[in-house]
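Indexing begins at 1, ligand by ligand and atom by atom, following the structure's order. It should be emphasised that the depicted structure is a prediction, and the values quoted were computed from it without experimental measurement.
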Amino acid sequence: MLVVMNSNATEIEIKRVALFLESKGFEARISHGEARTIVHAIGIIEVDQRDFELLSGVSEVIKVTTSYKLAARVAQGRDTVVEINGIKFGDKYTGLIAGPCTIESYDQMDATAQELSESNVKIIRGGAFKPRTSPYAFQGLGEEGLKIIRSVADNHHMAVTSEIMDTSQLDIFMRYVDVLQIGARNMQNFNLLKEVGKIHKPVILKRGLSATYEEWLMSAEYIMAGGNNQVILCERGIRTFEKFTRNTLDLASIPVVKKLSHLPIIVDPSHATGLRDKVEPMSRAAVAAGCDGLIIEVHHNPEVAVCDGAQSLYPWQYDLLYKQIKQIAPVVGKEIV
Ligand code: PEP
Ligand code: MN
């Protein structure tokens, strides 16, 4: 339930609503928007809505019928915008993230970052803990990898995003990483979602391999219920019968999620297609569909990449793509810096 306050409601009236909700057993969370303040009633408790409508300063009471409450579009009057190192995701902004699949060495990261900085990349990606299908495949450099990406990013004035796989890694991620990624395989790792809900760093929540929109938004709700509102959803393709591409990129998720939620939605065309030559057209399509950002795998020398070389762009390809999507974005009322 949402209690929407009048635009001229006083702090005392807002506080009174919150206390009344708490007396009924809800957790009350106040969110001050530009136009109005909303008091969110968190909890599933049967109450008579009219009791709240009559409180002084209250404009209206909205019953949220979806299973996700904080992530629901009605929960706030505007789109959530997440800002990282000057790059914005959401509303009219399309943010870009690029970098290799995995951190291999200082030189590999530095060479890639150098090239990417020439294409105005401000957020670099790179996995240090890799969720590999085979236990015999390269598992990532671990903490050593995070140290490398942090140091390279600092040298190039970039922010860092990397995938966290387990709650036990939280301490080191807090130290080295600016944006935590929850991978497709961990979208329903509820303990991990609860823990990242308690931190004050943005989280990229990838869509599970066969997750419905509702399941995905419920996972976002786990993070938000803990108090962390900086959630960026990431469409990375889903499992279908088609084997030609690595996954099937569900571009319809962009308008659907935008209708259901105020959270930004970005697209990962690299894991969605698995093929370098499909990454460029699908990135253009995602921007044209109004996505709030892209996360793209780029390696300074994809032929020797330890992981996902076939889907990694050459830096020159990324640069060309950047120039193209910068032109496409304004057509759909968006901006790429
Ligand atoms: C990744 O981004 O490195 C990754 C493993 O992606 P996903 O979780 O989408 O498979
Ligand atoms: Mn990868």
Side-chain angles (χ1 to χ4, degrees), residues 89 95-104 108-109 112 116 121 123-135 137-142 145-146 148-149 159-166 169 173 177-189 192-193 196 202-211 215-216 219-220 223 231-240 245-251 253 257 265-276 278-279 282-283 286 291 293-314 318:
F89 300 83
L96 300 176
I97 302 170
C101 178
T102 190
I103 302 154
E104 299 166 18
Q108 167 246 8
M109 286 308 294
T112 307
L116 291 176
V121 170
I123 310 168
I124 192 164
R125 63 150 287 152
F129 297 90
K130 297 301 298 174
R132 305 304 297 276
T133 303
S134 164
F138 178 64
Q139 302 286 306
L141 293 182
L146 292 184
I148 291 173
I149 195 171
V160 167
T161 181
S162 196
E163 177 173 350
I164 179 165
M165 284 176 58
D166 190 80
Q169 296 159 353
F173 273 73
V177 174
D178 304 298
V179 186
L180 275 61
Q181 249 182 78
I182 306 240
R185 291 153 195 82
N186 268 315
M187 188 203 82
Q188 284 188 319
N189 180 340
L192 184 57
L193 299 175
V196 301
V203 176
I204 295 174
L205 178 64
K206 290 195 147 195
R207 183 179 183 182
L209 305 177
S210 57
E215 286 163 342
W216 190 13
S219 290
I223 301 172
V231 179
I232 299 173
L233 299 163
C234 177
E235 165 64 45
R236 44 78 73 207
I238 47 172
R239 276 268 167 94
T240 67
T245 48
R246 183 170 176 176
N247 289 291
T248 297
L249 177 55
D250 177 16
L251 279 180
S253 66
V257 163
I265 171 166
I266 67 170
V267 170
D268 171 350
S270 312
H271 292 91
T273 64
L275 299 161
R276 187 183 303 134
K278 312 292 179 290
V279 169
M282 289 301 96
S283 300
C291 72
L294 293 170
I295 177 164
I296 299 177
E297 285 188 342
V298 183
H299 192 287
H300 75 291
N301 188 3
E303 287 109 281
V304 299
V306 167
C307 184
D308 286 349
Q311 67 189 38
S312 301
L313 296 187
Y314 290 88
Y318 178 82

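- Of the candidates I295, L209, V267, R236 forms a side chain to side chain contact (heavy atoms under 4.5 Å, CB included) with just one, namely L209.
- Annotation: ligand 1 has protein neighbours R125, K130, P131, E163, Q181, G183, A184, R185, K206, R236, H271, each with a heavy atom less than 4.0 angstrom from the ligand.
- Counting non-hydrogen atoms of neighbouring residues, nucleotides and ligands closer than 6.0 angstrom, the CZ atom of R132 exceeds 12 such neighbours.
- The pair R125-E297 meets the salt-bridge criterion, since a charged nitrogen lies less than 4.0 angstrom from a carboxylate oxygen.
- Rounded to the nearest 0.5 Å, atoms CZ (F173) and CG (D178) are 12.0 Å apart.
- Here SG of C234 is found 12.5 Å from CE of M187. Values are rounded to the nearest 0.5 Å.
- Distances under 2.8 Å from the Mn ion (ligand 2) pick out the protein N/O/S atoms C101 SG, H271 NE2, E297 OE2, D308 OD2.
- For K130 and D308, the salt-bridge test fails: no basic side-chain N is under 4.0 Å from an acidic carboxylate O.
- Each of S312, C307, C101 was scored for a side chain to side chain contact (heavy atoms under 4.5 Å, CB included) with H299, with one residue passing: S312.
- Only one option out of I204, I266, V257 pairs with L233 in a side chain to side chain contact (heavy atoms under 4.5 Å, CB included); it is V257.
- When all heavy atoms of S162 and G126 are compared, the pair lying nearest together is OG-O, 2.7 Å.
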